[in-house]
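Since the structure comes first, as structure tokens, the remarks are kept for the end.
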Protein chains: 2
Amino acid sequence: MKASRFFVSTLKEAPADAEVASHRLMMRAGMIKKLGTGIYTYMPMGLRVIRKVEAIVREEMNRAGAVELTMPVVQPAEFWQETGRFEKMGPELLRIKDRHDRDFVIQPTSEEVVTDIARQEIRSYKQLPKNFYQIQTKFRDERRPRFGLMRGREFIMKDAYSFDRDLDAAKASYQVMAQAYRNIFDRFGLRYRAVAADSGAIGGDLSEEFQVIAATGEDAIVYCPDSNYAANMEKAEALAPAGPRPAAANALEKTPTPGKSTCADVAELLGVPLATTVKSLVLATDILDDAGNIQGAQVWLLLLRGDHDMNEIKVSKLPGLDKGFRFATTAEIDEHFGCKPGYLGPLNLKKPVKLVADREAAVLADWITGANEIDFHMTGVNWGRDLPEPDLVADLRNVVAGDASPDGKGVLAIERGIEVGHVFVLGTKYSKDMNATYLDEGGKPQFLEMGCYGIGITRLPAAAIEQNHDERGIIWPDALAPFTVVVCPIGMDRSPEVKVAAEALYEALLAKGVDVLLDDRGERPGAMFADWELIGVPHRVVISDRGLKEGQLEYQGRRDTAATKVPAAGIADFIAGKLAA
Amino acid sequence: MKASRFFVSTLKEAPADAEVASHRLMMRAGMIKKLGTGIYTYMPMGLRVIRKVEAIVREEMNRAGAVELTMPVVQPAEFWQETGRFEKMGPELLRIKDRHDRDFVIQPTSEEVVTDIARQEIRSYKQLPKNFYQIQTKFRDERRPRFGLMRGREFIMKDAYSFDRDLDAAKASYQVMAQAYRNIFDRFGLRYRAVAADSGAIGGDLSEEFQVIAATGEDAIVYCPDSNYAANMEKAEALAPAGPRPAAANALEKTPTPGKSTCADVAELLGVPLATTVKSLVLATDILDDAGNIQGAQVWLLLLRGDHDMNEIKVSKLPGLDKGFRFATTAEIDEHFGCKPGYLGPLNLKKPVKLVADREAAVLADWITGANEIDFHMTGVNWGRDLPEPDLVADLRNVVAGDASPDGKGVLAIERGIEVGHVFVLGTKYSKDMNATYLDEGGKPQFLEMGCYGIGITRLPAAAIEQNHDERGIIWPDALAPFTVVVCPIGMDRSPEVKVAAEALYEALLAKGVDVLLDDRGERPGAMFADWELIGVPHRVVISDRGLKEGQLEYQGRRDTAATKVPAAGIADFIAGKLAA
């Protein structure tokens, strides 16, 4: 491509609403243009990156035996009503009415439509396994769209759906996809982790997220540097403490803690480690009669060490809480504790509650908790002596760095990631809702076992930039760069020698299949270099009169601190060598 | 591709609602699947065709210097309000509200958004000309979606928009696009015509439609077999008659024509040629006061020969009618003619009307028209003698086969076409509405001159099928076929020789870059051949044990009536030769 026939449009300043590096740099590099909140035009420079992502994804999906189709963006509501998602999904599902007042949605994903296709097309076990995928525009009306392509409303996703005869076959299909994803992410040239994720009702190790490592990532990734263990924060198990609970040493005392309503403040006031304090979280579950009417509420008190955070996914799987829970109301808290939040605790209750302790909280001795009285905490609290043993001891918390790895092979570390892919066994949820069956060898109808597999095509470039940029701009890996090589002639309009050499190198690289851009815009060197450093082209060749007189060109990789002189005669091979590396 | 890894799904019967061949055959060949009215999934087999269309369009657009971007499917209404189209467009514009009750549309085209991009990005004349295009999902909520992909609601369109400094430059950009379109349609391998179309307010020869010739086409195409003249019916001019009006020969008479209210019936009853009758069309224009309130109506009587049809576009350009017209109401007709439609005419009027005659009607002598009395017509009518000369004589009619070609090089012929492309100079309509300017050499802001250029990516395969099919199925041109060659081994599971030969041929063709499918499904020959004839793969090679014993394979082109024996050794070169042809 020649720049004069392309569209290069860079900005000195990013718009004020661009909070993160990828958003700022994609705007400044002219890769995207905002049309509305969370809605962007993919400008020519950005579209080239997106197309490279798509091409790699498409190749590896095809190689893995998935078959591409394209499902409609606008989908009749009737399919979404079959699974109940038309009603159940919140306002992020964009609902429309057509000219005849019929309901439609804009697809956020396509489980319903692909299941409808499968129930029509798949008749026999002989047709299985089958995997359909699409690379298509999606829309989610996010409550808080932000960070440019990172969390937009309109976006491009690759979504694949596998259909199998039974769960074992579905697991095999899942493994094929997980391997395809590793191939895809390897080819992107990004640092990433495939981390175990919560697989909902299915259970087992049947859900993995593909996270691009970046300090600015929204997700905490848990991994063990000494093993292959990696999981997202929701999933990572906090093992039971190694040792038993120590014996009580201190007497129970009511201690004044005026104005100190957080564990951290109390620990500081009393000069004790935060880990000796215990925080109280009050939940409630509604008690229903046979007709489904609310008859009352059960109040739950969850106790965690002051230095630990509650893990909502883990809590949502506890017996009694697994049908849904909520935070207790002020009235319920007052009724059971006789006190306002900030000084709550398990002692001196007005009315009994279900007591659930995190594994670490359950092995504490001489701990500190709220006294159920404003401005007072209890110190020297001991299980069994001062209050009954908990009704339930469980893993309620997020792991922290230094926790033992669940695989027993070391301790956990935590880093930040951006989720750009997810593979997941769905089971028969959709096939049962939509009666999608096949006939087995005995001629009996069986529900199709499904899996689903997503990659955020337009989020990926943003994640790549969060991982790879510097103060000058983006640093693309070769595989994702809008152009792999840029040829920058200096004074092309003045010097016929430079013009000839630049065009010859451009043609030579094109002939080698290199995605090269010749910057024939006639910009001054400084502006030209700044543009391509901002845009992040990984390899640059500068051609100048002075260099040509010495028979030399200048090569600089985007991460290099200085240029390298290369004999003009061997430059095309030199570049080819850099790309192969 | 091997069939076992792809998705082949054919149907014996097409659904009842499939009225035209392309719709029936695309459904039967498993290329599309209906999701809702006018909304289709592009199934794997159909998507391959669409991708081939896209690839050809993209290559030629890039070659012509257009730059690809992707504008959002969901667009904020504010841009559409700037041009007034949000209000003016009918219900075919799908309007949505997001979670914050803000208005959006689903793009049917993208003039507004691309003009918004241009007014931000194009600052100087030095950046011109510029041409942006996208290949993207569109939605039009058609009143009567039908014929599958021919007139769907959701569809894929390539839409390009050029920006220029003045009308001359815009015309040059238009010519570049028109040539790119000819290149594209040549590559598709379809019979087509580029026909002049009405260019609205701009005037001149600045609008062409690209029509795929097909007997089932919705559009009438006018062309001259002896020259390059071609236009759509709206545009094609009916020249003034060659000779003068003959002298009156017959007396005016009121003739009973009981129950004969059409020209055809009257001509039959009286035993005269239809061309001697004159039909009356009664239009009205509202008369407005300065405040824009309707003060009254002007009634117009249009007279055309009984064998001619009115051309609404031509009529809408007549002085006095060019600001908008309507058909007259029953009350207006009664007030002026004192008679009901069916026996209307220009004689014996109760109140004067504006009299407009088609050029051919204006040169008639001794003609027949309604008497403004039920069951009576006037015969022997003559201009000047029996009624005044018309207020206006103009070209009001559609041309008919045999009319003189406007270029004076022969007579016109008419055939049917399917519009799949349109190139058009827009002028400054959008740039003025949206204040999209650039600075000229003198530093003065000037409105951008625009052009727009569309190709119906998903309509094109349907048009190709309407042109190319037989009783067995689709006949794809090589460039559009989902697979160019299918290798059909007979008894591959029983015969190792057949299996080895089939896979060797498959690999050999792949190595030559041929888009080949190996049918390894193990179907019986009859079913296998029927599938590929239905799907329309243009080249088939059959490999059988018997053939291999003779060292022969069988080749059959999709249009061939019988197979040709080809020596097994030379088959790959033989096929390559067929494709080059």
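Lettering follows sequence order; numbering is per chain, from 1.
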A:Ile117 and B:Met43: which non-hydrogen atoms are nearest, and at how many Å?
-> CG2-CE, 3.9 Å
Mind checking the OG1-CD spacing from B:Thr70 to A:Glu154? Nearest 0.5 Å is all I need.
-> 10.0 Å
Could you give the distance from CD (B:Gln134) to OH (A:Tyr42), rounded to the nearest 0.5 Å?
-> 11.5 Å
Least distance between heavy atoms, A:Tyr40 atom then B:Pro72 atom | O-CG, 3.4 Å
Rounding to 0.5 Å, atoms CZ (A:Arg58) and CZ (B:Arg51) come to a distance of 4.5 Å
Separation of B:Ser9 OG from A:Gln120 CD (nearest 0.5 Å) = 9.5 Å
Counting only heavy atoms closer than 4.5 Å, note whether B:Ala77 contacts chain A via side chain, backbone, both or neither.
-> neither
Looking at B:Ile156, B:Asn131, B:Ile50, B:Val73, which one has more heavy-atom pairs under 4.5 Å with chain A than the rest?
-> B:Val73
So does B:Asp98 pair up with A:Arg153, basic N to acidic O under 4.0 Å?
-> yes
Flag the pair B:Phe104 / A:Ile39 as yes when at least one side-chain heavy-atom distance between them is below 4.5 Å, and no otherwise.
-> yes
Chain A contact via B:Gln136 - side chain, backbone, both or neither, heavy atoms under 4.5 Å | side chain
At a heavy-atom separation under 4.5 Å, does B:Leu47 approach chain A through its side chain, its backbone, both, or neither?
-> side chain
Can you tell which part of B:Phe139 gets under 4.5 Å to a heavy atom of chain A, answering side chain, backbone, both or neither?
-> side chain
Once you round to the nearest 0.5 Å, how far does CZ of A:Arg5 lie from NZ of B:Lys130?
-> 10.0 Å
What residue, out of B:Gly36, B:Pro76, B:Gly46, B:Ser4, has the most heavy-atom pairs lying under 4.5 Å from chain A?
-> B:Pro76
B:Ile106, part contacting chain A, at a heavy-atom distance under 4.5 Å = side chain
By a 4.5 Å heavy-atom criterion (distance strictly below it), what part of B:Glu112 contacts chain A: side chain, backbone, both, or neither?
-> neither
Salt bridge or not for A:Glu68 and B:Arg48, using N-O below 4.0 Å?
-> no
Are side-chain heavy atoms of A:Leu35 and B:Phe79 found at a separation under 4.5 Å?
-> yes
First locate atom CG of A:Asp141, then atom CZ of B:Arg102, and finally report the distance between them rounded to the nearest 0.5 Å.
-> 8.0 Å
B:Arg99 and A:Glu92: which non-hydrogen atoms are nearest, and at how many Å?
-> NH1-N, 3.8 Å
Considering only heavy atoms, which portion of B:Leu94 lies under 4.5 Å from any heavy atom of chain A: side chain, backbone, both, or neither?
-> side chain
Cut-off 4.5 Å, heavy atoms of chain A, and the answer for B:Asp116 is side chain
Could you tell me which portion of B:Lys2 (side chain, backbone, both or neither) has an atom closer than 4.5 angstrom to a non-hydrogen atom of chain A?
-> neither
